[in-house]
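Computed from heavy atoms alone, side chains included, the values below leave out hydrogens, waters and symmetry copies. It should be emphasised that the depicted structure is a prediction, and the values quoted were computed from it without experimental measurement. In each ligand, atom 1 is the first atom listed, and ligand 1 is the first ligand listed.
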Amino acid sequence: MSVSGKKILIAVSGGIAAYKIHFLIRDFVKKGADVQVIMTPDAENFVTKLSLSTLSKKPVYIDFYNENGTWNSHVELALWADLIIVAPCTANTLAKITHGMCDNLVIATYMSAKCPVFIAPAMDLDMYQHPSTRQNLEMAEDFGHFIIPAENGELASGLIGQGRMAEPETIIKRVEEFFDQEIQNKTLAGKTVLITAGPTYEAIDPVRFIGNHSSGKMGFSLAEEAVKRGAKVILVSGPTSQTAEDKNIDVHKVTSAKEMLEKVFQFYDNVDIAIASAAVADYAPKEVAKEKIKKNDESLIIELVKNPDILKTMGEKKTHQFLVGFALETQNEEENAKGKLEKKNLDMIVLNSLRDEGAGFKNDTNKIKIFTKTEKKEFALKAKDEVAKDIFNFVESQLLK
Ligand code: PMT
């Protein structure tokens, strides 16, 4: 039930257990999954492309190129998949996975993937217990992959012990449990989340601008976390080199505060949660010079005018939205953050202080305090991905009230 409609990429490597893949494909297809098979060249010694493609109802790919010279794009295959299963995974393929030895289509596809990866090892018992295999399995787990341990029984060598690839039913059960858990984790399903990220650039002339050090990392981490929780995510970002890993994030690139304001209000009415993590320039040059300003004088005065306060406008126009602001402070941090919470009519504010090492701009880490009108919670220095989780956990706890 839970694999229905899921895109499952099965990567077969060269072991005797490859014969079981026929049953694995057949049962996934029966349950409504969309199955694509790729193989290592050695796998073809154990199973044929024809049998696997008949069951998966799709061509099976082994090489980077077809006979007619067309490219089998490992990148497209990887990005297509909701989940990859390497089964059987031989000791050799496992070692290539953990060491990035990218000499075949299976490994190139695996290395291009952003989706969860399941590994079902199969090998003889001594190979399975060898320190290098144990270490590689641990490394694969550290990469965040899911290992479906080999089972005990009679092996191709005639020896009896652990090394048999898990049965197709076991693999399918693990995958189903994974997708079921994913559904349970979709705590923001049905919600639309709008996030602002990055800096804004305010043009002085055709080559210069006023900007700031925001990298966009905090905002992009928030967007990734929201989409993982099942939300529809709109990300309005100023100029940054960040790219959204999840293709479901609807990214809108803007440059100036005025453009950000306009883009935000294109969506604002229909969002449930809005989080303003962008570092918006408070002022912009009154006039933008049409030509590059020449350095004729000893000093240059540029008149600046106030930019629109996007978050304050969001607060004024708030109807049903849960509105979260950020406060980047260097002094009187708590007082200033609470002031912004009040003045901008926010439901919650996330304070980060440049006085805390590793917090704020550019870093991969941040250290935050969250305030609502009645609550305060302090968090340790963490990776921005983890900070994003803390923020959404807090938002969700407020929505439940
Ligand atoms: O991008 P990174 O390198 O990962 O860094 C993350 C960050 C430090 C930029 C982020 O964590 C952060 O603190 N963002 C808010 C920065 C900021 O502009 O703070 P502020 O205290 O000046 O503004 C308060 C709030 O009003 C912010 O939510 C801001 O988005 C918003 N604002 C400010 C001015 C303005 N004209 N319009 C706004 O919407």
For this session: Please state whether Gly216 comes within less than 4.0 angstrom of ligand 1, counting heavy atoms only.
Result: yes
Exercise. Of all the atoms in ligand 1, which lie at a distance below 4.0 Å from a heavy atom belonging to Ala276?
Worked result: 27 (C), 28 (O), 30 (O)
For this session: For atom 8 (C) of ligand 1, find the nearest protein heavy atom and state the residue, atom name and distance (0.1 Å precision).
Result: Gly360 C, 3.5 Å
Exercise. Is a donor on one side and an acceptor on the other found under 3.5 Å between the side chain of Glu141 and the backbone of Ile147?
Worked result: no
Exercise. Of the backbone atoms (N, CA, C, O) and the side-chain heavy atoms from C-beta on, which set of Asn366 has a member under 4.0 Å from an atom of ligand 1: side chain, backbone, both, or neither?
Worked result: side chain
Exercise. In terms of side-chain heavy atoms, does Gln321 have a donor or acceptor partner in Thr319 at a distance below 3.5 Å?
Worked result: yes
Exercise. Which protein heavy atom lies closest to atom 22 (O) of ligand 1, and at what distance to 0.1 Å?
Worked result: Lys340 NZ, 4.1 Å
Exercise. Between Asn352 and ligand 1, which residue portion shows a heavy-atom distance shorter than 4.0 Å: side chain, backbone, both, or neither?
Worked result: side chain
Problem set entry | atom 24 (C) of ligand 1 - nearest protein heavy atom and its distance | Phe326 O, 2.9 Å
Seminar exercise, completed: Tested for side-chain contact (heavy atoms from CB on, under 4.5 Å) against Arg229, the lone hit among Val395, Asn393, Asn185, Val193 is Asn393
Exercise. With sequence neighbours left out, what residues match Gln129 under side chain to side chain contact (heavy atoms under 4.5 Å, CB included)?
Worked result: Arg134, Gln162
Problem set entry | Heavy atom of the protein closest to atom 6 (C) of ligand 1 (residue, atom name, distance) | Met218 CB, 3.6 Å
For this session: Assess Asp309 for proximity to ligand 1: is some non-hydrogen atom of it under 4.0 Å away?
Result: yes
Exercise. Hey, which atoms in ligand 1 end up nearer than 4.0 Å to a heavy atom of Lys217?
Worked result: 1 (O), 2 (P), 4 (O)
For this session: Identify the protein heavy atom lying closest to atom 19 (O) of ligand 1, giving its residue, its atom name and the separation to 0.1 Å.
Result: Leu328 N, 3.5 Å
For this session: If you have a sec, work out which protein heavy atom is nearest atom 26 (O) of ligand 1 and how many Å separate them, to one decimal?
Result: Lys344 NZ, 3.0 Å
For this session: Considering heavy atoms of the protein only, find what lies nearest to atom 37 (N) of ligand 1 and give residue, atom and distance to 0.1 Å.
Result: Ile310 N, 3.1 Å
For this session: Decide whether Asn68 and Thr70 meet the rule of one side-chain donor and one side-chain acceptor closer than 3.5 Å.
Result: yes
For this session: Run the contact test for Lys384 against ligand 1 with a 4.0 Å cut-off on heavy atoms, strictly below, and give the result.
Result: yes
Exercise. Going by atom types alone, do Gln184 and Asp180 pair a side-chain donor with an acceptor below 3.5 Å?
Worked result: no
For this session: Considering only NZ, NE, NH1 and NH2 on the basic side and carboxylate oxygens on the acidic side, decide whether Lys31 and Glu176 come within less than 4.0 Å.
Result: yes
Exercise. For Lys58, does the NZ atom have more than 12 heavy-atom neighbours from other residues, nucleotides or ligands under 6.0 Å away?
Worked result: yes
Exercise. Taking non-hydrogen atoms only, is Pro308 closer than 4.0 angstrom to ligand 1 via side chain, backbone, both or neither?
Worked result: backbone
Exercise. With backbone taken as N, CA, C and O and side chain as the heavy atoms from C-beta onward, which portion of Met314 lies under 4.0 Å from ligand 1: side chain, backbone, both, or neither?
Worked result: neither
For this session: Establish, from distance only, whether the side-chain atoms of Thr40 and Asn104 form a donor-acceptor pair under 3.5 Å.
Result: no
Problem set entry | Ligand-residue contact atoms, ligand 1 with Val280, heavy atoms, under 4.0 Å | 18 (O), 34 (C), 35 (C), 36 (N), 37 (N), 38 (C), 39 (O)
For this session: Tell me yes or no: between the side chains of Asp63 and Asn72, is some donor less than 3.5 Å from an acceptor?
Result: no
Problem set entry | Nearest candidate to atom 14 (N) of ligand 1, where distance is taken over non-hydrogen atoms, out of Ala327, Gly339, Ser277 | Ser277
Exercise. CD of Glu76: more than 12 outside heavy atoms within 6.0 angstrom?
Worked result: no
Seminar exercise, completed: For atom 30 (O) of ligand 1, the closest protein heavy atom turns out to be Ala278 O, 2.6 Å
Exercise. Using 30° and 60° as the class limits, which term best fits the ring planes of Phe118 and Phe146: parallel, tilted or perpendicular?
Worked result: parallel
For this session: State plainly whether the residues Lys49 and Glu44 are in salt-bridge range, i.e. N to O under 4.0 Å.
Result: no
Problem set entry | Ser214 N/O under 3.5 Å from ligand 1 N/O | yes
Exercise. Counting heavy atoms only, which of Ile275, Asp282, Thr200, Leu222 comes nearest to atom 34 (C) of ligand 1?
Worked result: Asp282
